[in-house]
Amino acid sequence: MVHKKEEQKEDCYGDEVREHILEFAENGGFEAVPEDERDTWFTRFKFWGLFHHRSGQESYFMMRLTNASGILEPGQLRAIAEAARDYARGPVENPEFGNGWFDLTTRQSVQLHWLKLEDVPEIWEKLEAAGVSSRSAGGDTMRNISGTALHGKVEEYVESGPLLEQFQEELRGDDALANMPRKFNISVTGTKSGCAQDSINDIGFEPACKKIDGETVKGFNVRIGGGLGGRQPRAATPLDVFVRPENAYEVGRGFVELYHDYGGRTNRSKNRARFFAEDWGMEKIRETLQAEYVDFEMHTAGEDFREEYTYNAGKPTDAGKHDHIGVYDQKQDGLNYVGLNVPIGRVPAEDGIELADLADEYGSGEVRLTRRQNPVIVDVHEDDLEELLAEPLLSEFQPEPSPFERGAMACTGTEFCSIALTETKGRMARILRWLNKNVDLPDDIETIKMHYSGCTADCGQAMTADIGLQGMRARKDDEMVEAFDIGVGGGIGENPSFVEWVQQRVPADEAPGAIRNLVEAFAAHRDEGQTFRQWVESTGTEQLIEFCEPEETDFEAPYMADAKQSWYPFADGASDAPAASSAAPSDD
């Protein structure tokens, strides 16, 4: 028997959903959606990037946008920030961030919150006039394509821009493939740094070379079946396929169609592509691709460059870039890109407008978004660098942040998400300030990657962090409180690893102390030049558990007990948080 969501999608999904959204918007918004059909319609709305907020926030929606590999062309950031200013305004202000802001995501895209359904036509008109779309941004479909954030601006071993554009226009634009068994993530890396994090995608294309008929050919190796969530992370498996750039699209489309045709549609906790890949195995998938979906003869895998991966790879700074923060040369003479740090990816609308102004004044107006929730101003002439770096906004979004701020990421959390167990954004902002004030690090440590997910769905990618935090619930002093599981030693790179959990159900007021104790132990016991991930790998589990001792401190936040009943206007009554022991599915 198919899952109920398949039945909800059967009669209406994909592009046709848009007309229904417009009709509801024009006839009263949220109230125009029949109450007994809301679950069905809200499932369908997700294809167009519209997610109904959690219970207690009825009539409000989040809109996720799409922009392949994080490119925001001139004028697009301004349109997004102005839409946030004019429409993304809740009934009360967030005590940490105020009102009217947007969030940068880990898939190089943008989310707007507190939207009213009746405003969606005007929001779409404004955004689409600038070339920004929300189509295929959510639901069971191909999500925003991640890629080399600076492609076209930096040297790539294999040019990735044409493939990314073809995936965006021809594959994601094909309504016949709109209704997938589950969400599907595609990535393409053209550089040798591994910045698209192909190993945690459903299909990833990585730079490689292969001798064919005596000639060294540049192209891509293919990996499939990666992903996080539900405490069942999986690094993508090499498919043992090498493709020339001109053949890469056909293989990518072929695997999408194969999963579309054969992927399970019954058990939603087990029908992501990573489970499909495990079930079928690489040999059967490769043979089926060749027999049914690909018209050329595929080559076995070529030589990869994974040993050179540095992006979130836990390597020392002198090995290469581990993010896009800072000032770097572009391949165009005299031009630079400037990566700014937004510690938890939340940008006030007025700051977004100012950022667009700076991109216009000092660069080409184009802004790139990275997989670490950060923006990059591109095409800055070297003669203008000093003046740009002196702008007041860059003291807020710093190109040289503290190690804790540089490595921080956080998901949406209980603020809007119905499956989250804890508040994330506001708490992480406070933890970062507290750590900056209370913890000293060795001078050669530029970053500690600390990722925070509000539940086991792991949208904040806690599994791939130096220090991974996942929201839980625990009992303390006879009261149910918000809590953390704390893991260490995750990262991507040549050999992706996922965190080892060293403390569980740590009450929220004791977690900052545990993190401080762990980081201070790292600073005291590391070998010279050793990174946090390297130190974890060389330290025994029992010792790490001892180092990460929970401790009450002077840390304070307004979300210690039950964030679902804190500042935002939830319905009266007890929290509807799921049980702490449950494993949440990755986001729908």
Side-chain angles (χ1 to χ4, degrees), residues 51 54 64 103-109 111 138 143-144 146 182-185 187 196-202 204 225-236 268-275 278 312 344-345 371-373 407-425 427-428 431 449-473 482-493 496-506 511 515 533 577-588:
F51 291 69
R54 53 163 297 111
R64 183 180 294 144
D103 287 340
L104 308 180
T105 79
T106 58
R107 288 204 69 78
Q108 301 173 274
S109 59
Q111 293 180 172
R143 301 293 185 87
N144 197 55
S146 61
R182 282 295 302 275
K183 70 173 182 176
F184 191 92
N185 292 325
S187 67
Q197 301 191 137
D198 306 287
S199 60
I200 55 173
N201 285 268
D202 295 302
L228 308 174
R231 295 281 203 180
Q232 300 179 79
R234 184 185 189 278
R268 287 183 67 81
S269 66
K270 290 290 186 181
N271 65 350
R272 287 293 305 274
R274 65 182 186 269
F275 300 112
E278 287 178 346
N312 192 22
I344 50 166
R371 292 211 62 172
R372 298 198 58 81
Q373 301 177 310
M409 298 200 306
C411 76
T412 296
T414 53
E415 188 175 8
F416 304 112
C417 178
S418 62
I419 64 174
L421 292 164
T422 63
E423 201 279 339
T424 54
K425 296 281 191 181
R427 177 178 285 126
M428 180 63 103
I431 287 176
K449 289 186 166 59
M450 187 165 59
H451 304 171
Y452 184 11
S453 291
C455 71
T456 58
D458 204 25
C459 299
Q461 300 183 1
M463 287 284 186
T464 67
D466 289 328
I467 301 174
L469 311 174
Q470 282 192 349
M472 289 288 165
R473 305 295 292 277
E482 299 204 351
F484 295 80
D485 281 1
I486 303 176
V488 297
I492 307 297
S497 64
F498 302 114
V499 294
E500 178 180 10
W501 302 105
V502 294
Q503 291 289 348
Q504 294 185 309
R505 310 294 193 269
V506 179
I515 296 167
R533 185 178 176 187
S581 60
S582 64
S586 52
D587 91 285
D588 285 334

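Worth saying up front: this structure is predicted, and the values here are computed from it rather than measured.
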Original post:
Does any non-hydrogen side-chain atom of Asn312 lie less than 4.5 Å from one of His451?
Top reply: yes
Subject >> Verdict with reasoning, Lys183 to Arg272, per side chain to side chain contact (heavy atoms under 4.5 Å, CB included) >> reply: CA-CA 7 Å; Lys183 70 173 182 176; Arg272 287 293 305 274; 3.1 Å; yes
Original post:
Would you call Glu482 and Arg427 a salt bridge, using N to O less than 4.0 angstrom?
Top reply: yes
Subject >> Non-neighbouring partners of Phe184 that pass ring pair (Phe, Tyr, Trp, His ring centres under 6.0 Å), sequence neighbours left out >> reply: Phe255, Tyr259
Original post:
Is there a side-chain contact between Thr412 and Gln111 (heavy atoms, below 4.5 Å)?
Top reply: yes
Original post:
Do Arg505 and Arg473 come within less than 4.5 Å of each other through their side chains, counting heavy atoms only?
Top reply: no
**OP:** Give the minimum heavy-atom separation between Met428 and Tyr452, together with the two atoms involved.
**Re:** CE-CB, 3.5 Å
Original post:
side chain to side chain donor-acceptor pair (under 3.5 Å) between Ser497 and Arg533: does it pass, once the steps are laid out?
Top reply: CA-CA 10 Å; Ser497 64; Arg533 185 178 176 187; 3.0 Å; yes
Original post:
salt bridge (charged side-chain N to carboxylate O under 4.0 Å, His left out) between Lys425 and Glu415: does it pass, once the steps are laid out?
Top reply: CA-CA 8 Å; Lys425 296 281 191 181; Glu415 188 175 8; over 6 Å; no
Subject >> Presence of salt bridge, Asp485 and Arg231, under 4.0 angstrom >> reply: yes
**OP:** Please examine the side chains of Ser146 and Asn201, heavy atoms only from C-beta on, and report whether any two atoms are closer than 4.5 Å.
**Re:** yes
Subject >> Value rounded to 0.5 Å, distance of CD in Gln108 from CD in Gln373 >> reply: 11.5 Å
Original post:
Under the 3.5 angstrom rule, does the side chain of Arg182 hit a backbone N or O of Asn271 as a donor-acceptor pair?
Top reply: no
**OP:** Look at the side chain of Ser199 and the backbone N and O of Pro496, then say whether any donor-acceptor pair between them is shorter than 3.5 Å.
**Re:** no
Subject >> Trace of the side chain to side chain contact (heavy atoms under 4.5 Å, CB included) decision for Arg64 with Ser109 >> reply: CA-CA 7 Å; Arg64 183 180 294 144; Ser109 59; 4.3 Å; yes
**OP:** Using a strict cut-off of less than 4.0 Å between a Lys/Arg side-chain nitrogen and an Asp/Glu carboxylate oxygen, indicate whether Asp202 and Arg274 qualify as a salt bridge.
**Re:** no
**OP:** Verify, without hydrogens or angle tests, whether Arg234 (side chain) and Gly227 (backbone) share a donor-acceptor contact under 3.5 angstrom.
**Re:** no
**OP:** State the CG-OG distance between Leu228 and Ser453, to the nearest 0.5 angstrom.
**Re:** 8.0 Å
**OP:** Using a 4.5 Å cut-off on heavy atoms from C-beta on, say whether the side chain of Arg372 contacts that of Lys449.
**Re:** yes
Original post:
Is the backbone of Thr106 close enough, under 3.5 Å, to the side chain of Arg371 for a donor and an acceptor to pair up by distance?
Top reply: yes
Original post:
Which heavy-atom pair separates Trp501 from Met463 by the least distance, and what is that distance?
Top reply: CZ2-CE, 3.9 Å
Original post:
What is the distance from atom CD of Gln503 to atom CD1 of Ile515, rounded to the nearest 0.5 Å?
Top reply: 11.0 Å
Subject >> Contact summary for Asp198 and Ser187, nearest pair of heavy atoms >> reply: OD1-OG, 2.6 Å
Subject >> Euclidean distance, Phe484 CZ relative to Ile467 CD1, rounded to 0.5 Å >> reply: 11.5 Å
Original post:
Looking at CD1 of Ile486 and CD of Gln504, how far apart are the two atoms once the value is rounded to the nearest 0.5 Å?
Top reply: 10.5 Å
Subject >> Interatomic distance, Cys455 atom SG to Gln470 atom CD [nearest 0.5 angstrom] >> reply: 7.5 Å
Subject >> Check: Val499 and Val488 side chains under 4.5 Å, non-hydrogen atoms >> reply: no
Subject >> Min side-chain heavy-atom separation Met409-Ile344 under 4.5 Å >> reply: no
